[in-house]
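Notes for the one structure printed next.
Keep in mind that what you see is a predicted model, and the values were worked out from it rather than measured.
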Amino acid sequence: MSLDEYKKKRNFENTPEPDDEGTSDNLNRFVIQRHKATRLHYDLRLEIGGTLKSWAVPKGPSMNPIDKRLAVHTEDHPIKYLKFQGKIPKGNYGAGQMDIWDTGTFSSKLDSKSVLEQYEDGDLKITFSGGKVKGDFALVHTKQGKNNHWLLIKKKDQFSTDLIYDAEVYAENPSEEKEGKAKPKVRTLKPEDTVKPMLASTAKEIFNHPDWIYELKWDGYRLIAHVDDGDVRIYSRNGINYSSKFPLLVNDLKQLDHQVILDGEVVIVDKNGIPNFQALQNYDQNTPGTLRFYVFDMLFLNGHSMLELPLKDRKSLIPEILEDLDYTFYCDHIEGMGTAFYNKAVDSGMEGVMAKKADSTYAPGYRTESWLKIKAIESEEALICGYTNSKGAVFGSLILGMYQDGELRYVGNCGSGFSNAEQKELLQKMDNLALKESPFSSKINLKGRTPNWIKPDLICEVKFSEWTKAGSMRHPVFKGLREDKSTTEIKPEEKTEAPEAEKVNGTSGNLDIGGISVPFTNLNKIYWPKDNITKYDLIEYYLQVSEVMLPYLKGRPQNLHRHPNGIQQKGFYQKDNESLPNWIKTTNIYSDSSEKNIEYMLCQNEATLLYMANLGCIEINPWHSKVENLGTPNYGVIDLDPSAKNTFEDVIETAKVVKEVLDLAKIDGYCKTSGSKGIHIYVPFGENYSYEEGRDFIKLICYLVQERLPELTSMERAVKARKDKIYLDYLQNRKGQTIAAPYSVRPKAGATVSTPIGWDELKNGLKISDFTIFNVPGRISEKGDLFEGILKSSIDMEKALANLSEH
């Protein structure tokens, strides 16, 4: 096959196009290039007989069998044109920008004739395996009119669509983006249009901003779903039909009595609701886990395009549309609370969050900074370009590459993250793509390992620690193969600066906590005016400490101490609770003092703790006993309550004497700041003693302390009778009495926290203000929970009394 006509049309001193043929093993590769010349068209090139047979397709390929695309046969091109993209300068043949639109391999559908014989007959029956173009096609010479006219026709199969298919929808247009020319096109969507999803940029860090909403980032496949009164079509971000892959989802969506286009992520989640990407890639109805489609946007509804509506308006209509479906769920969001939401998501096992401008319109196919993804762990898609040998395993490691400036470049080796069975499955796929030579244009250093090269058609996702200075991934771990992306998309993510954080202002919303949608309101409200600390800051704190705090709250009736207007306004106590959400548990207890039954709230989970914070419960006040054993507390409390004339050094001195008495009794005590003025010292009872027994024991300890500090302490209940001394309050040990829980915030200046401390920390210089909502989470991370022993042990009261009687 001659390239004379190709060379005759070009001056290779003025064009970057390749001038030599290169080598060919007849590997049945193809490329489709978007060519913005005098007229925009697409060039289809098939590797046949040592050259690239080429056709100009004015409207581009289509995945809809109804379309019969004109394909004008042009001159053969050299094999090196498979990788060519760039700008052909003015004055040259074909001047204009050329970008790779799709690439991959093809195979013959006929056993009786070779591809070359079919080409010579003018009737090609081939199967494409590309990123965007997949499945069976016919390329037929019309032999009518102009001799160079052919037709490119998609055959009906699992990849075909009956939607309007526009190749431009799936064009990346990287050169236009670089030059800043690519602008989202305002258009009206029709229900039969294919839609390329709007894409997010990657932000360097999380941020709070009142004009942004935050969603969970689901680790799955992006899907667009068209539903037209029971007729359902779902497809991936590169236009591939996924209806046959997810029949459960198709049947679920058939229940919708609407005409809608939905945008979301399909995932397989475990029992904790955490997505498993590897389970998704080989999904069938026997795959462990639960299939879910999380819908976060709606682009069309009952005859109306919604592209130009603000995001919050589009989302507001989704919950009602998706009501009562089994596999399709609304992806909720929270407003303004970026940092808290991000920390919660990562702590629960999610990979990060999505941040989206609340008023953003929808720009199909464009990567925008109005949508940002923020991930806790670096992860990228990469092309598998080969693998190394190994004596003890199926293979050593995957050789990874990405496209950078149109060239395939090496980005490292990945040798972990897959099981032996997964390695065998991968090896089979890689062996079918074997190459004799490296797909990289430059030599790479594999440090003595023997490579086996393959065509870079397989896309995998890996997580890694960081990029090295040499441009390689450090410690990559295999997550799974991706079939929902095109190889031309695989390039390093560029990170953008996050919007400057602002105080959350006037926002509200719902936050998904363990599958419970918790409402938040008036997050901008100032709770600590002098310190400019908001309700949002309080909720963010409780989000961070909930895991360590909940053991001290579960199963205990709560006395709600509410400050809905902040600490400078008078708060109020609330015991009886009505009209609570149905997910909050309560317990009914008869009150002798009020002579009626009281419905107490129980804080059984993180959602309830945050619900309480939203009510203005700055401090959390649980009973000392649990509902199953209300008469036997888990612990007793010594409350060191100083007068206005006592210093905190006086309180510290008293606490040290309490420790001396506890040591004489040979029992453990647990100390925490009150978060206000004093110190609380707990003694573990393990539900082995009644309130009366516990109170009498704590009273004895207090008497012994007072004997040692008569000038500093008092046990007089009446304030005047204490004569400005520290009150040794043993009366906290009564049924129904409450005290600020460990890690509870207090309605005091600086948003101080009642914080467990070690006995060795009781020394001059210690201040209540040392522990606030802003530093206690970090302290917990560093020191752990210093109070956890209080719920896991119990004193032997008789032995303790006997020990004390010896002194």
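Side-chain contact annotation: Tyr294 with Arg292, donor-acceptor N/O pair under 3.5 Å present. With hydrogens and angles left out, the side-chain atoms of Tyr362 and Asp263 include a donor and acceptor closer than 3.5 Å. Residues His304 and Asn302 have side chains that never bring a donor and an acceptor to within less than 3.5 angstrom of each other. Inspection of the Thr534 and Asn524 side chains reveals no N or O donor paired with an N or O acceptor under 3.5 Å. Checked by atom type, the side-chain pair Asn64/Thr161 shows no donor-acceptor distance below 3.5 Å. No side-chain N or O of Ser360 forms a donor-acceptor pair with one of Lys356 less than 3.5 Å apart. Side-chain atoms of Glu308 and Thr361 form no donor-acceptor pair, as typed in the model, at a separation below 3.5 Å.
Listed for the Ser243 side chain is no donor-acceptor partner under 3.5 Å among the backbone atoms of Arg233. Counting only distance, with no hydrogens or angles, the side chain of Asp537 and the backbone of Ile533 share no donor-acceptor pair below 3.5 Å. Side chain of Asn251 to backbone of Leu248: no donor-acceptor contact under 3.5 angstrom is found. Listed for the Asn522 side chain is no donor-acceptor partner under 3.5 Å among the backbone atoms of Lys525. Side-chain N or O atoms of Glu493 include none that pairs as donor or acceptor with a backbone N or O of Ser201 at under 3.5 Å. In this structure, Lys315 contributes its side chain and Leu311 its backbone to no donor-acceptor pair below 3.5 Å. Remark: side-chain polar atoms of Tyr330 are not paired, donor with acceptor, to backbone N or O of Ile321 under 3.5 angstrom. Panel note: side chain Asp228, backbone Asp231; no donor-acceptor pair is recorded below 3.5 Å. Within the 3.5 Å criterion, the main-chain N or O of Ile274 finds no donor-acceptor partner in the side chain of Asn272. Between the side chain of Asp166 and the backbone N or O of Glu168, at least one donor-acceptor pair lies under 3.5 Å.
A search for side chain to side chain donor-acceptor pair (under 3.5 Å) contacts involving Tyr221 returns nothing, not counting sequence neighbours. Asp252 pairs by the side chain to side chain donor-acceptor pair (under 3.5 Å) definition with Gln255, Thr328, not counting sequence neighbours. Every residue two or more places apart in sequence or in another chain was checked for a side chain to side chain donor-acceptor pair (under 3.5 Å) with Glu192, and none qualifies.
Between Leu400 and Leu383, the closest side-chain pair of non-hydrogen atoms is not below 4.5 Å.
Looking at every heavy atom in both residues, Ile384 comes nearest to Cys460 through CG1-SG, 3.9 Å. For the pair Gly131 and Asp102, the tightest heavy-atom approach, listed with the atom from each and the gap, is N-OD1, 2.9 Å. The heavy-atom pair separating Ala200 from Arg367 by the smallest distance is O-NH1, 2.6 Å. Between Trp212 and Glu369, the shortest heavy-atom distance links the atoms CH2-O, 3.4 Å. Closest approach of Leu538 to Tyr527, counting heavy atoms only: CD2-CE2, 3.9 Å. The minimum heavy-atom distance between Asn238 and Tyr170, with the atom names listed, is C-CE2, 3.6 Å.
Cation-pi geometry between Lys154 and Phe128 is not satisfied (NZ or CZ under 6.0 Å from the ring centre, within 45° of the ring normal). Geometric assessment of Lys132 against the ring of Trp101 yields a positive cation-pi assignment under the 6.0 Å and 45° thresholds.
Of the options Lys479, His475, Glu380, Glu378, a side chain to side chain contact (heavy atoms under 4.5 Å, CB included) to Lys463 is made by Lys479 and by none of the others.
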**Prompt:** Between Glu461 and Asp219, does a side-chain contact (heavy atoms from CB on, under 4.5 Å) hold up when you go through it step by step?
**Reply:** CA-CA 11 Å; Glu461 185 169 352; Asp219 191 11; 4.1 Å; yes

**Asked** Hey, mind stepping through Tyr536 and Tyr541 against ring pair (Phe, Tyr, Trp, His ring centres under 6.0 Å) and telling me if it holds?
**Response** CA-CA 9 Å; Tyr536 166 81; Tyr541 166 77; over 10 Å; no

**Message:** Could you walk me through whether Val227 and His258 satisfy the side-chain contact (heavy atoms from CB on, under 4.5 Å) test, starting with their C-alpha distance in whole Å, then the side-chain angles of each, then the deciding distance to 0.1 Å, before giving a yes or no?
**Reply:** CA-CA 7 Å; Val227 184; His258 295 277; over 6 Å; no

**Prompt:** Between Phe293 and Phe329, is a ring pair (Phe, Tyr, Trp, His ring centres under 6.0 Å) present by the stated rule, with each step listed?
**Reply:** CA-CA 6 Å; Phe293 180 42; Phe329 297 83; 10.0 Å; no

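Under the 6.0 Å cut-off for aromatic ring centres, His333 and Phe296 do not qualify, their centroids lying 6.0 Å or more apart.
Between Glu351 and Lys375, no side-chain nitrogen of the basic residue sits less than 4.0 Å from a carboxylate oxygen of the acidic one, so the salt-bridge criterion is not met.
The OH atom of Tyr283 lies 9.5 Å from the NZ atom of Lys245; values are rounded to the nearest 0.5 Å. A distance of 10.5 Å separates NZ in Lys495 from CD in Glu205, rounded to the nearest 0.5 Å.
Classified by interplanar angle (parallel below 30°, tilted 30° to 60°, perpendicular above 60°), the ring pair Tyr242/Phe246 is tilted.
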